[in-house]
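To start, the structure under review is shown below, and the notes come after it.
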Amino acid sequence: MNNPDFKKMFKRFSLRKWIWSGAALAFLSNGALAGATGTNQVAKSSTDLENFTLEQLVNVQVTSVSKKETDLFTSPAAIYVITQDDIRRMGVTSIPEALRMVPGMDVAQISGNQWAVSSRGFNAEFAQNMLVLIDGRTVYSPASSGVFWDSQDVVMEDVDRIEVIRGPGATLWGANAVNGVINIITKSAKETQGGMAATSVSSEGQTITTVRYGGELVTNLYYRVYAKYASQPGLESSTGNSTPDYSTLFHGGFRMDYEPPAPDTFTFQGDYYIGNDGRQVSQITLAPPAVTPTNSSENNSGGNLLGRWTHTFSEGSEMTLQTYYDHVQQGDGFGEEFRNTFDVDLQDRFALGSRNDIIWGGGYRYAEIDNTPSFDLTWTPELVRLQLGNVFLQDDITLVRNRLHFILGSKFEDNSLIGFEIEPSARLLWTPTTQQTVWAALSRATRTPALFNLDGRLNEAAFPSGPPPAPPVLVSLLGNPNLEAENLTAYELGYRIEPIERLSFDATAYYNVYGKLLTEVPNATVMEGGHLLVSSTWQNLDSGETYGVELSAQWQVLDCWRWAASYTFLHMQLGPDTSFPPETSSPQQQFQIRSYLDLPHHVEFNGAIYYIDQIRTQSGGAMVTIPSYVKLDLGLTWRPIKSLEIGIWGKDLLDHEHPEFSSQETTLITEIPRSVMGTITWSF
Amino acid sequence: MGDTSMNNLNFKKPNLRMGKPFSRVMMMFGLMALLLTSNSGFGEEPSLTKYQVEAVFLFNFAKYVYWPATAFPNATAPITIGVVGTDPFDDNLQNIIQGKTINGRPFVIKHLAPDADLGGCQILFISDSEASRMAEVLGRAGALPILTVGEDEEFAQNNGIINFVVKDGKVRLEIDLTEAKKNKLTLSSRLLAVADVVKGGIN
């Protein structure tokens, strides 16, 4: 299942193209990754080959990595791709779970329906420095500066791949692509023809049922429709009590792809979801002054429609126009956010002379964000109209053909909330041999303050200042409409090597310098109404630096056995002010090994072990230590007939239960239990 | 409010912060550079792609496959290589057949939509972009004197004649003689001799 245009789409750093493309990537499953033996024929070009005999031809050694792998191998960025094969074989049921497989990605489950996902530090429930897109549509909330993972659902079986770039991607993706970009890309409808019904049940009571059907409406116009229902009861807390973090989600949608053997292809897709989540939050009252843990039930729903047109002029030259409308209604425990977004993007790529490969484009986004207030969280104004315009230009300059490239570009962005930003990057790519890649990058990225930072007021606590009639004290965090964007200057160096066939290593080192980080600056205590107000206000006064290394390896031991491993180290130093998230909220060291083994009789045995270092996080205002943990998942899949797959997985097998993160909103710490999950997938 | 000029880009910041962490990172960078230089001596690089080799095979098939006379409209009609779906060969196939003749017949390449009429082709390469309708395309080719060639599991399962399989970094052949006979083609024993798998026995 080759991507018809992979050569164009996967070339160099035109990674944005990947969002647009909808074809399958059989990364690393390719039989081409095979060992070399003695009788290799060496030929320099096809002209030599013409004179070869048949016997010589069958012994010609061809490059072992296919082009799509080559293009990953020679990307001047820390990129990692999770394939459908990874998702299926590891029994992954949600996007955050899949992201655990990315080297250096810090994925922690906060509760039954909340996740913290970041790379290179700054992890939190709303990890502000990670930009996340599903099929080219941003799911990053401008109100909270982060992603509501509980509402981000896809049919896992229809995911083509998840591409993750660690490090800044702002030159192509724009603001908030500071520490990474996550692109979730679903398959083209052409790749999901026929029916599929799947159901999975876990020992913790999680059930997921999915139905999908795909067909060809007229020649070359393919469609699929799908529906999915997932539910799970609440998990247990560290004190042995049940928690209110249940969730239910219904998700339905369609995708149509028109893929004629012509220069123009079209995609039209849409989703609708509706769900309900429970969580515990701290409710603040002044009469009497108190902080009361309260269970809240959040209704979340949303829908989107997206259209995309790609015109291919020639090999290496194409233009894409994409537009979407997205509606989101999201509860956050204190109120609700209603967001309507309209977005249009144009991107064009062409070769200028023989040495310049240009990508340029622009986009416009209009979003109306309406936040309903509660006593805990108020907004001034409640309704915000956000306009965002951008243009970008990147030139991939060939200095020495097949050896040395210099890639220079910048995004120019105008945000109606905070003004104009430039996000340039310069990358050098050196491929001394086909088995080695060296790259270095210098980039700048910015993070737009959340509406919460600009316009929000969070009442964090209330308590009596003394025996009555002493006035109560209210502790508040105040927004600051004059904030500027946080910025990052990142220095990255990467090295990839394939010392022998079937074995490859990837190493990245980075040094990040953050400026204008937000910090809470205390104000003088004043009387406000009948209470004392102890407040602090967001200011761009903090700074910090991080550095780290990310090492990973892929080893195809045998045709039927593949290994993947990674180790990452992170050092964070923020200050001098206390900042959020705290610098201890991301693990210093992480380690993982995954094994994929094909057994006879269509049985696969898969396993993964993860080590995550200790962290210290905020739990309802206090700092708590989350101990390091080791997570072992083992799974067996069996395909008795071609159309049926049965899978069973044991997850978190090494301990009865363990916490992975904590919530600022509650002192309740959720434990992630050992579980067993069974899945049946029927294709028809 | 935001940065409005190139002077404010903070690129100079690290100079102000050449503290301990930065030098440690530099040391790591240095180690990586060392690793790189010590490993730079690799042998001869195979620079050919599988499609360059497959293109030469397609040309060679014309030498080692015998078509019935009815496959061609006349004695000098060209050998037509049809490519169904995405053409993975770039210019390789065109460069190889350029100006070549076999038994007095020149070559022509035709790019075909999957639902196009396959008549008039002697060799048909079905790209794996058409995996989803492999059975349908091969079904229509099955009634004609056409040598079907593919590079896909679907292709082999749906009765294609010659399948390219990359094994140990080499392009190997799997041949289904039963299907070749159905299409009234005769394959040279030299061709069969280099195939890894021959289904349907050697006559």
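Quick note on labels: first sequence line is chain A, next is B, and so on, each numbered from 1.
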Taking every non-hydrogen atom, the tightest pair across [X] and [Y]:
X      : Y      : value
B:R172 : A:V58  : NH1-O, 3.1 Å
A:L57  : B:V53  : O-CG1, 4.1 Å
A:N220 : B:R133 : OD1-NH2, 3.0 Å

Inset, instruction - Step by step, work out the side-chain contact (heavy atoms from CB on, under 4.5 Å) result for A:L54 and B:L191. - result: CA-CA 7 Å; A:L54 284 175; B:L191 185 55; 4.0 Å; yes
Inset, instruction - Using a cut-off of 6.0 Å, state whether more than 12 heavy atoms not belonging to B:K63 lie near its atom NZ. - result: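 Yes, NZ of B:K63 has more than 12 neighbouring heavy atoms, counting only those of other groups under 6.0 Å.
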Inset, instruction - State, with a plain yes or no, whether a side-chain heavy atom of A:F52 is found less than 4.5 Å away from one of B:V56. - result: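 Result no, sub-4.5 Å side-chain heavy-atom pair not found.
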Legend entry - Structural part of B:L112 lying under 4.5 Å from a heavy atom of chain A: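 Neither the backbone nor the side chain of B:L112 comes within 4.5 Å of chain A.
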Inset, instruction - Would you mind checking which part of B:D196 comes under 4.5 Å of any heavy atom in chain A, side chain (CB onward), backbone (N, CA, C, O), both or neither? - result: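 Neither part.
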Legend entry - Segment of A:T219 engaging chain B (4.5 angstrom heavy-atom cut-off):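 The side chain, not the backbone.
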Inset, instruction - Could you tell me which portion of A:F505 (side chain, backbone, both or neither) has an atom closer than 4.5 angstrom to a non-hydrogen atom of chain B? - result: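 No part of it gets close to chain B.
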